[in-house]
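See structure below.
On a predicted model such as this, the values are computed, not experimentally measured, just so you know.
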Number of protein chains: 2
Amino acid sequence: MSSAETLGRDREGRAAALLAEPVADKGIPASTVARLPVYLRVLHQLAGSGQDTVSSGALAEAAGVSPSQLRKDLSYLGSYGTRGVGYDVAHLSFQLGREVGSTQEWPVVIVGIGNLGTALANYSGFYSRGFRVVGLVDPSPDLVGRRIHGLAITDLAELEDVVGRTGAVIAVIATPAEAAQGVADRLVQLGVTSILNFAATLLAVPPGVTVRKVDLGQELQILAYHEHRKAGELSKTGHATVRERGMID
Amino acid sequence: MSSAETLGRDREGRAAALLAEPVADKGIPASTVARLPVYLRVLHQLAGSGQDTVSSGALAEAAGVSPSQLRKDLSYLGSYGTRGVGYDVAHLSFQLGREVGSTQEWPVVIVGIGNLGTALANYSGFYSRGFRVVGLVDPSPDLVGRRIHGLAITDLAELEDVVGRTGAVIAVIATPAEAAQGVADRLVQLGVTSILNFAATLLAVPPGVTVRKVDLGQELQILAYHEHRKAGELSKTGHATVRERGMID
DNA sequence: AATTGTGAATACTTTCACAGCG
DNA sequence: CGCTGTGAAAGTATTCACAATT
């Protein structure tokens, strides 16, 4: 998988009372958070196919997790199921969406409009999940002014302007590795607090800013490791052995 | 984050003696495996900048992990450091590369040459890590025959031919979600045992086949969750609190 | 004197198993 | 009766802290 990092790991004493939200809103494990979008996607599919109720077993199967893990995950959010019956698809979908923040629209700025940035700008999966690409930024004079889906590419020099005007707090960095840290610094300065980083470099950001990294080369290398292992086992035992289940997300 | 799944979770009794490889080659935790490519990248950088020795502290810092985690990770591979001194960059780099399988070249086939597939086909990060894109496959008549870096796009109907000719065991699926499972089935049939899946769907594969999923929309949703939480905290306490460190990889 | 390698301790995650409820 | 929700148990991963080694 990809990885999440949030630099700055000291913790507040969690003094504030948590009466504000209908459902307790604290300490959901990171591993659970990473699975919520999966559940949400499956629920949308189910809703689309006319199912209006689903059991933990069926939902878990479709999401690729164990039923007990699904129930444990959902239990962090509240008790949205009905014993003996299951979950109401529409209701659970709404509750999950509310938790993940997908009931609102999030403006997103993409910095670095190379092959990958262009692909991301065209990616329909963002739109359907509530993200609106409101800024495309690149330093290349060849690209500035071109349009993707009607949105013009802006010069990197005007990054301040773009972020300020759109109010984006989520940004995607798809620049070469060398440029990424500089871009991140400017984004953070402008109030961006969540960054999805495709550059093959570690970003240093202040506490309170969340970075998720997707390193495509790294993903393949992890697969190569498994291949390598399979080949080794094969040559020793004469038949492939089964690897244990992966991790993360 | 991205996620690793390997369906089929039964385990062999691990009867075979493990004398073949110089270093014990068993049970490296999945979380460690996911970090090895990061260490490898940092080591390459260090080598490039002329450093020939590095301490666990410095290497850990550059990789974004704790020194003790780095040392624990490396300890699974063997004892490649020198107490009181540190690690020899070239030697550690070689050992890590050998473990990850990046001393050899891996032919890779990409299926689905839309925006994302095109970006992946152009991505230089694959080449530098030992991957060779040897096949580009898509069903669209508009695309078949076009070339990317000199490699012609082949019709999906000839998938069998492409995989057979190139001997690829690693494939990337960048098709629409609906097409992904069908493509995966054919790939597995052809002997592919590692798949990097960008389609927003869960792939069912037989035991022994490793799948890693990268869902870009999902990555943003995880960030949105954090934003959502920050906004909530902010409105309650008047200042942003720091989130705990993420997970995965 | 400095830094690795590693058992032991801690923290986190998943699974189990069953009580609770519709 | 069936399925959820959840404490308790088991399994993993990370951090600590220090002995071992150069």
Side-chain angles (χ1 to χ4, degrees), chain A residues 1 3-6 9-11 23-24 26-36 38-39 53-61 63-89 91-92 95-96 243-249, chain B residues 1 3-6 9-11 23-24 26-36 38-39 51 53-61 63-89 91-92 95 243-249:
Chain A
M1 156 185 317
S3 88
E5 359 157 329
T6 303
R9 60 206 73 172
D10 56 278
R11 241 164 181 283
V23 179
K26 43 172 235 174
I28 298 177
S31 46
T32 294
V33 170
R35 284 185 293 266
L36 297 183
V38 180
Y39 302 153
T53 248
V54 68
S55 70
S56 65
L59 188 47
E61 160 123 43
V65 302
S66 71
S68 52
Q69 179 158 83
L70 178 101
R71 293 203 304 274
K72 177 67 85 179
D73 283 343
L74 295 185
S75 78
Y76 290 116
L77 315 182
S79 295
Y80 298 128
T82 308
R83 292 169 196 238
V85 179
Y87 302 90
D88 180 80
V89 172
H91 183 233
L92 183 58
Q95 294 296 349
L96 265 170
R243 302 277 107 241
E244 62 266 44
R245 189 161 229 273
M247 39 147 294
I248 308 174
D249 252 65
Chain B
M1 192 202 285
S3 86
E5 355 155 335
T6 304
R9 61 205 74 174
D10 56 277
R11 241 164 181 285
V23 179
K26 42 173 238 174
I28 298 177
S31 47
T32 294
V33 170
R35 285 186 292 267
L36 297 183
V38 180
Y39 303 152
Q51 285 243 337
T53 249
V54 68
S55 70
S56 65
L59 188 48
E61 160 123 45
V65 302
S66 70
S68 53
Q69 179 157 87
L70 178 101
R71 294 203 302 277
K72 178 66 84 181
D73 283 344
L74 296 186
S75 78
Y76 290 116
L77 315 183
S79 297
Y80 298 128
T82 308
R83 291 170 197 236
V85 179
Y87 301 90
D88 180 81
V89 172
H91 183 232
L92 184 58
Q95 293 296 349
R243 302 275 108 245
E244 62 268 43
R245 189 161 231 271
M247 40 145 292
I248 307 175
D249 249 65

What is the distance from [atom1] of [X] to [atom2] of [N], rounded to the nearest Å?
| X | N | atom1 | atom2 | value |
| --- | --- | --- | --- | --- |
| A/Leu70 | D/dC3 | CG | P | 14 Å |
| B/Glu61 | C/dT3 | CD | C1' | 16 Å |
| B/Tyr80 | C/dT6 | OH | P | 12 Å |
| B/Lys72 | C/dA11 | NZ | C1' | 14 Å |
| B/Tyr76 | C/dT6 | OH | C1' | 10 Å |
| A/Leu92 | D/dC3 | CG | P | 17 Å |
| B/Leu77 | C/dG5 | CG | P | 10 Å |
| B/Leu36 | D/dA13 | CG | C1' | 15 Å |

message: Using heavy-atom distances to pick each residue's nearest nucleotide on DNA chain C, tell me which of A/Val85 and A/Gln69 is more 5'.
response: A/Gln69
Quick one: is [N] close enough that its OP1 or OP2 comes under 4.0 Å of any side-chain N or O from [X]?
| X | N | value |
| --- | --- | --- |
| A/Ser55 | D/dC3 | no |
| A/Ser31 | C/dT13 | yes |
| B/Tyr87 | C/dG5 | yes |
| B/Ser66 | D/dT15 | yes |
| A/Ser56 | D/dT4 | yes |

More than 12 heavy atoms of other groups within 6.0 Å of A/Gln69 CD: yes
task: Would you check, one step at a time, whether the test side chain to side chain contact (heavy atoms under 4.5 Å, CB included) holds for A/Leu77 with A/Leu36?
output: CA-CA 10 Å; A/Leu77 315 182; A/Leu36 297 183; 4.1 Å; yes
message: Working note: B/Val38 + B/Val65, criterion side chain to side chain contact (heavy atoms under 4.5 Å, CB included); need CA distance, chi angles, decisive distance, verdict.
response: CA-CA 10 Å; B/Val38 180; B/Val65 302; over 6 Å; no
- request: Step by step, work out the side chain to side chain contact (heavy atoms under 4.5 Å, CB included) result for A/Thr82 and A/Thr53.
  value: CA-CA 10 Å; A/Thr82 308; A/Thr53 248; over 6 Å; no
message: Taking side-chain hydrogen bond (donor to acceptor under 3.5 Å, both in side chains) as the definition, give me every residue that meets it alongside A/Ser68, ordered by chain and number, with sequence neighbours left out.
response: A/Ser66
statement: Interatomic distance, NZ@A/Lys72 vs OG@A/Ser56, rounded to 0.5 Å, equals 13.0 Å
- prompt: Should B/Arg71 and B/Leu74 be marked as a side chain to side chain contact (heavy atoms under 4.5 Å, CB included) after you check the CA-CA gap, both sets of side-chain angles, and the distance that decides it?
  reply: CA-CA 5 Å; B/Arg71 294 203 302 277; B/Leu74 296 186; 5.9 Å; no
Filtered N/O pairs between nucleotides 18-21 of chain D and protein, under 3.5 Å:
unit_1 : atom_1 : unit_2  : atom_2 : d
D/dA20 : N3     : B/Arg83 : NH1    : 2.8

